[in-house]
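As the structure is a computational prediction, the values presented were derived from the model and not from experiment. Both ligands and their constituent atoms are indexed starting at 1 by order of listing.
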Amino acid sequence: MPIIEFRNLFKTYANQEGEEMNALENINLKVKDGEFVCILGPSGCGKSTLLEIAAGLLPPTKGEFLLDGTPRTGTSRDIGVVFQDSSLFPWRNIRKNLEFGLEIAGVDKGIRAQKVQEAIEMVGLSGFENKYPHQLSGGMRQRAGLARTLVNNPSCILMDEPFSAVDHLTRLTLQEEIVRIWQREKKTIIFITHDVSEAVYLATRIVVLTPRPGRIQKLFDVPFPQPRNRNDISFIEIIEKIYMCLNNPEGKDGKIEYTI
Ligand SMILES: Nc1ncnc2c1ncn2[C@@H]1O[C@H](COP(=O)(O)OP(=O)(O)O)[C@@H](O)[C@H]1O
Ligand SMILES: [Mg+2]
């Protein structure tokens with residue numbers, strides 16, 4: 001059974017003239033336990049919309065989102081979200097930011113401290129527990145945002161372009177670390193990006209969306225073991241295939257192509 005499933009899912013928004021416009025059309029996608037799925041598509045194609053529906057922050061207009069085979073709306077403790085900006089509370093230090101969700105859930109103080117420490121170590125922020133968000137670099141804030149999600153131990157983590165605001169070298173490091181965390185913690189990850197090379201570095205499977213309205217244009221398996229070598233010829237070949245696909249969004253007849 002897939003852990004996550006989008007079934008015949010549509011999302012419609014009203015534009016400024018009040019006309020209904022599809023942002024997502026007929027999304028059908030099953031994500032299995034332990035997969036690392038990257039959702040790739042041009043700006044405005046509905047990636048964040050899809051993620052917000054999965055996070056339970058937005059209802060679909062039509063169709064269903066299923067978690068462990070059960071249709072659901074609303075947030076779930078089993079699904080954590082990491083946004084582009086880490087959205088940490090500026091008035092709380094890193095430890096207190098991480099503790100927030102556990103406090104709300106009524107977790108005992110001692111256990112809270114232990115879980116927070118584990119999450120801080122997982123993302124390499126030891127020694128920065130007492131710093132405030134403004135005292136950290138952008139990359140460290142994203143680490144803290146990830147730790148705040150990990151502390152709640154969700155089985156699935158949704159990430160919306162989490163590394164797009166950090167500098168290039170930091171971004172490469174964060175990509176390596178998220179792979180390491182995914183492998184060690186056995187999470188299911190759905191990761192949104194418009195960076196083809198990032199998707200090929202991270203994903204076990206890549207979903208390419210068409211320009212608005214977003215439909216699934218093509219699915220790519222990425223069968224290479226981790227850690228990956230960005231200079232491998234097979235790595236570069238798959239990047240080229242995906243660029244060809246993005247440059248020719250002709251698959252809008254509802255036919256989903258699957259490529260390995
Ligand atoms: N609340 C909203 N009201 C109206 N239109 C929206 C709203 N949110 C997003 N849209 C539109 O839906 C489309 C998809 O948006 P989004 O999911 O943010 O795309 P992406 O994340 O791929 O850039 C865009 O054209 C955007 O302008
Ligand atoms: Mg977006």
Side-chain angles (χ1 to χ4, degrees), residues 4-29 31 36-65 72-75 79-88 138-139 141-142 145-146 148-149 156-166 168 171 174-175 178 189-203 205-220 239 242-252 254 256:
I4 275 180
E5 182 176 354
F6 301 92
R7 197 181 281 172
N8 307 328
L9 191 131
F10 288 72
K11 182 68 189 179
T12 304
Y13 290 116
N15 67 12
Q16 282 177 337
E17 287 76 45
E19 296 161 334
E20 303 268 282
M21 303 273 284
N22 278 349
L24 292 172
E25 276 184 10
N26 200 24
I27 301 293
N28 284 285
L29 179 69
V31 177
F36 197 137
V37 173
C38 278
I39 297 185
L40 189 66
S43 183
C45 76
K47 301 184 297 296
S48 294
T49 299
L50 192 62
L51 200 97
E52 283 172 35
I53 291 171
L57 301 170
L58 198 65
T61 307
K62 237 170 43 180
E64 282 178 322
F65 169 74
R72 66 169 302 136
T73 51
T75 56
I79 296 186
V81 192
V82 181
F83 294 104
Q84 181 174 346
D85 74 45
S86 58
S87 41
L88 298 164
R141 281 200 293 272
Q142 285 309 95
L146 176 60
R148 193 181 48 182
T149 301
C156 180
I157 302 178
L158 311 174
M159 306 181 81
D160 192 355
E161 310 211 29
F163 307 149
S164 54
V166 299
H168 185 65
R171 182 172 188 153
L174 290 174
Q175 288 170 3
I178 191 67
I189 298 185
I190 300 181
F191 187 107
I192 282 176
T193 179
H194 57 248
D195 181 327
V196 177
S197 137
E198 178 167 79
V200 175
Y201 185 77
L202 298 175
R205 204 147 58 105
I206 296 174
V207 179
V208 178
L209 296 182
T210 61
R212 183 176 180 170
R215 301 177 61 136
I216 294 180
Q217 183 182 344
K218 208 159 181 170
L219 302 170
F220 289 87
I239 288 179
I242 294 173
Y243 271 117
M244 290 229 310
C245 175
L246 286 167
N247 289 331
N248 299 287
E250 82 287 355
K252 296 183 80 176
I256 297 174

Numbered atoms and elements of ligand 1 in range of A23, under 4.0 angstrom, heavy atoms: 12 (O)

Part of S48 within contact of ligand 1 (heavy atoms, under 4.0 Å): both

Backbone of P162 reached by a side-chain donor or acceptor of Q142 within 3.5 Å: yes

Side-chain donor or acceptor of Q217 paired with backbone N/O of C245 under 3.5 Å: yes

T12 and E20: side chain donor to acceptor below 3.5 Å: no

Contact with ligand 1 for G214, non-hydrogen, under 4.0 angstrom: no

Any side-chain heavy-atom pair of N28 and I216 under 4.5 Å: no

Any C45 heavy atom less than 4.0 Å to ligand 1: yes

Side-chain donor/acceptor of N8 to backbone N/O of G63, under 3.5 Å: no

Nearest protein heavy atom with distance in Å, relative to atom 16 (P) of ligand 1: T49 OG1, 3.7 Å

Nearest protein heavy atom with distance in Å, relative to atom 1 (N) of ligand 1: Y13 CE2, 3.7 Å

N/O/S from S48 sitting under 2.8 Å away from the Mg ion (ligand 2): yes

More than 12 heavy atoms from other groups under 6.0 Å of CD on E17: yes

Closest protein heavy atom (residue, atom, distance) for atom 13 (C) of ligand 1: G44 O, 3.5 Å

Non-hydrogen atoms of E25 and P213 that approach each other most closely: OE2-CG, 3.3 Å

Residue A14 vicinity, atoms of ligand 1 by number, heavy atom under 4.0 Å: 4 (C)

Closest protein heavy atom (residue, atom, distance) for atom 19 (O) of ligand 1: G46 N, 3.2 Å

Atom 26 (C) of ligand 1 - nearest protein heavy atom and its distance: R212 NH1, 4.0 Å

K11 side chain vs P59 backbone, donor-acceptor pair below 3.5 Å: yes

